[in-house]
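Report on the structure given below.
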There are 2 protein chains.
Amino acid sequence: MTMADVAARAGVSKKTVSAVVNGVGQVSRRTDARVRAAIEELGFLPNPAARSLNSRRAGVITLALPHLGSGDLAAIASAVIAAAETAGVGVVVEPTGGDPAREGEVLRPGAGITDGVLLIPSRRTLPVVPGVPVVVIGDRMVQRTVAQVVAPAEASITVAAEVTGESGELVVVAAEEDADLVPESLGATVVPAEDASAGAAFRAVVAERTLFSSGTPNRPRADRVVTLGGGSAIGVAHALRTLGLDIPADVRLAAVGGGGEPAFADPPITTVAPDVRQLAEIAVGRLLGHLDGSDRTVRYDEVGLLVTRRASTGS
Amino acid sequence: MTMADVAARAGVSKKTVSAVVNGVGQVSRRTDARVRAAIEELGFLPNPAARSLNSRRAGVITLALPHLGSGDLAAIASAVIAAAETAGVGVVVEPTGGDPAREGEVLRPGAGITDGVLLIPSRRTLPVVPGVPVVVIGDRMVQRTVAQVVAPAEASITVAAEVTGESGELVVVAAEEDADLVPESLGATVVPAEDASAGAAFRAVVAERTLFSSGTPNRPRADRVVTLGGGSAIGVAHALRTLGLDIPADVRLAAVGGGGEPAFADPPITTVAPDVRQLAEIAVGRLLGHLDGSDRTVRYDEVGLLVTRRASTGS
DNA sequence: CTGAAAGCGCTAACAC
DNA sequence: GTGTTAGCGCTTTCAG
């Protein structure tokens, strides 16, 4: 069922069939109809491999992210896939496990069959100089030489802190490596967790329990908590309840990040999250812009934040 | 940087280069070395499009699933991607939104650039007769004519019920459409939710609160609850606490499904979940078996269950 | 063991 | 408007 078959059936040349299939060039109404009929009768389907051999474009991009288990990342993945679909390209998902080696792998030329990469890295620098078109998605700037779409962590944290109230002792629970994203100006105490998981957040809060239950000699008891990551919010809420604290009566809690988990925590947790749809559309747009050469500039975009007030801040 | 360049550089023919690159055929040690050197020096990378034009194989499969937001599905997606990677194929993720029309779309011949489809359908029947190689993943049999890998819901529910205790009034919370998966023999009361989300489960439990808090004239108060879906478990736990019930003192709770959410609920929830790794390996293996013609039989496989006991059943 | 040539199915020049 | 002729980069016959 090749194009030649259709051409023969319709009594025209391949070029004409191609023109009809792609809707380009001039074809008379009669010929067009004849070709379409032949395509229909033969059940012809263009061969994507042949097409991309010529166009040197696969019509597929890679989305490389740490993992799919977190609701935040799953939400971004869904949005990216949707945006890509709208643009007519497929998405190969590549979980890196946050391993720089595997992140580097996807940035190597010839790493796969895809045209370019959207990368959500785990570190602040890229493991290699990318050999393929790439747009980085993250909550911070990683490297000036690559295009990037950012949902700025500092701004999110600041907004989340505001949402928990205007005054009171503030604690921010964050993965160790994210600790320096907390703006000094907030005067917050940072409780470091091993990583951004719920379990790590739980352990971190329990380890610093005096901060929440009684305060320390130098610090009054914390009554405002902001946590980085929608998943970790669950762990923090769980830990605070375990310490016998009521949310929001004793402590008001807000999470930076979305992804579904906070909505069904007990109580539901207020979130400050990037507009993932906007994020995805910009990222996909930038990458495709690189690919078709319509925009070769290395851009740095920031996306808007969405605040969802829930019971954890006393809504 | 084509194969012809390498051939010229090494002073051999393209055929020889091809043989070296693919490790097939007989090439003398000297020639092999010369070709490898040329490849190295030129930084040659084989063109995947040209390769798949010949092999009529893209080296990519589609994973079509309702969405990525649920931990259960995200876990399956991760496992499938890992299994596919091991087998050397990429995975295009296609969220269908549970829409039969979109499920049908991915089963249409020529739907994409991929070689075959792993489908997690939302309904019990496929929307169309598949036009591409397909393996269905699910918790029930959908159609005898397609290959399928199943984590049987009935068995999971039965095991979960056992884990909540040997006796006592049993309630199963399940999405309406899954209600008939609950084995009669358990003598359970089924509480139907709109869907498998946490929110729907919460509302369902609250709507039937008398069942849990005081019992009905005909039924004693339920003290064992099984819920379908790792996500819905969160909603059920939240609802039970809202009703003033203690887990596990007043009611023991177990979830069918995994995905991370149950582990960080309060209290952590016991789960009965399919071995997703095994599931993924079988599914990918079957699909690739179809593709390379090494196994053309339509198989029906069942996978094992993993029981994770946590505090919600009084562990 | 290696080379030359003929495609894989499509698109792109360049004619008519 | 439409046909002809070359390729895209790789894998195969088929020779040698």
Side-chain angles (χ1 to χ4, degrees), chain A residues 1-39 42-60 88 109-115 132 291-293, chain B residues 1-39 42-60 88 109-115 132 291-293:
Chain A
M1 224 49 50
T2 142
M3 219 157 179
D5 298 330
V6 177
R9 186 90 166 76
V12 301
S13 79
K14 292 193 293 176
K15 139 88 182 185
T16 304
V17 178
S18 176
V20 170
V21 169
N22 296 294
V24 298
Q26 319 297 307
V27 179
S28 73
R29 297 197 80 44
R30 291 201 29 155
T31 311
D32 183 282
R34 201 129 40 83
V35 171
R36 283 182 194 289
I39 287 174
L42 269 44
F44 166 76
L45 291 167
N47 177 322
R51 186 174 285 194
S52 65
L53 178 58
N54 279 326
S55 63
R56 52 213 69 245
R57 191 131 303 147
V60 186
I113 48 134
T114 65
D115 297 324
V132 298
L291 295 180
D292 65 20
Chain B
M1 225 48 52
T2 140
M3 217 155 181
D5 299 330
V6 177
R9 187 90 165 77
V12 299
S13 77
K14 292 193 291 176
K15 139 87 182 186
T16 304
V17 177
S18 176
V20 170
V21 168
N22 296 295
V24 298
Q26 318 299 305
V27 180
S28 73
R29 297 196 80 47
R30 293 197 30 150
T31 311
D32 183 280
R34 200 129 38 84
V35 171
R36 284 184 194 288
I39 288 174
L42 269 45
F44 167 74
L45 291 167
N47 178 321
R51 185 173 284 194
S52 65
L53 177 57
N54 280 326
S55 65
R56 47 209 77 240
R57 192 132 302 148
V60 186
I113 49 134
T114 65
D115 297 324
V132 297
L291 295 180
D292 65 19

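Here is the naming used below: chain letters follow the sequence lines, and residue numbers restart at 1 for every chain.
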Result of checking B:N22, B:V21, B:V20, B:T16 against B:S18 for side-chain contact (heavy atoms from CB on, under 4.5 Å): B:N22
Reckon A:S52 has a side-chain N or O less than 4.0 Å from the OP1 or OP2 of D:dC8? no
With nearest nucleotides of DNA chain C determined for B:V27 and B:A50 from heavy-atom distances, which residue corresponds to the more 5′ nucleotide? B:V27
Are OP1 or OP2 of D:dG9 and a side-chain N or O of B:N54 less than 4.0 angstrom apart? no
Under 4.0 angstrom, heavy atoms only, what part of the nucleic acid is A:T31 near: base, sugar-phosphate, or nothing? sugar-phosphate
Using a heavy-atom cut-off of 4.0 Å across all strands, would you classify A:V12 as base, sugar-phosphate, or nothing? sugar-phosphate
Contact nearer the 5' end of DNA chain D, comparing A:K14 with A:S28: A:S28
Establish, with yes or no, whether the OP1 or OP2 oxygen of C:dG9 is under 4.0 angstrom from a side-chain nitrogen or oxygen of A:R51. no
Could you check whether any side-chain N or O of A:D115 sits under 3.5 Å from a backbone N or O of A:R57, counting only pairs where one atom can act as donor and the other as acceptor? no
Within the pair A:S18 and C:dT11, is there a side-chain N or O less than 4.0 Å away from OP1 or OP2? yes
State the CG-CE distance between A:N47 and A:M3, to the nearest 0.5 angstrom. 10.5 Å
Which one, D:dT4, D:dG9, C:dT11, comes nearest to the side chain of A:K15? D:dT4
Is the phosphate of C:dC10, meaning OP1 or OP2, less than 4.0 Å from a side-chain N or O of A:T2? yes
Please evaluate residues B:V35 and B:V27 with respect to the criterion side-chain contact (heavy atoms from CB on, under 4.5 Å), reporting the C-alpha separation (whole Å), side-chain torsions for both, the decisive distance (0.1 Å), and the verdict. CA-CA 10 Å; B:V35 171; B:V27 180; 5.7 Å; no
Looking only at side-chain N and O atoms, does A:R56 come under 4.0 Å of OP1 or OP2 in D:dG9? yes
Out of D:dT2, C:dA4, C:dG9, whichever nucleotide has its closest atom nearest the side chain of B:S13: C:dA4
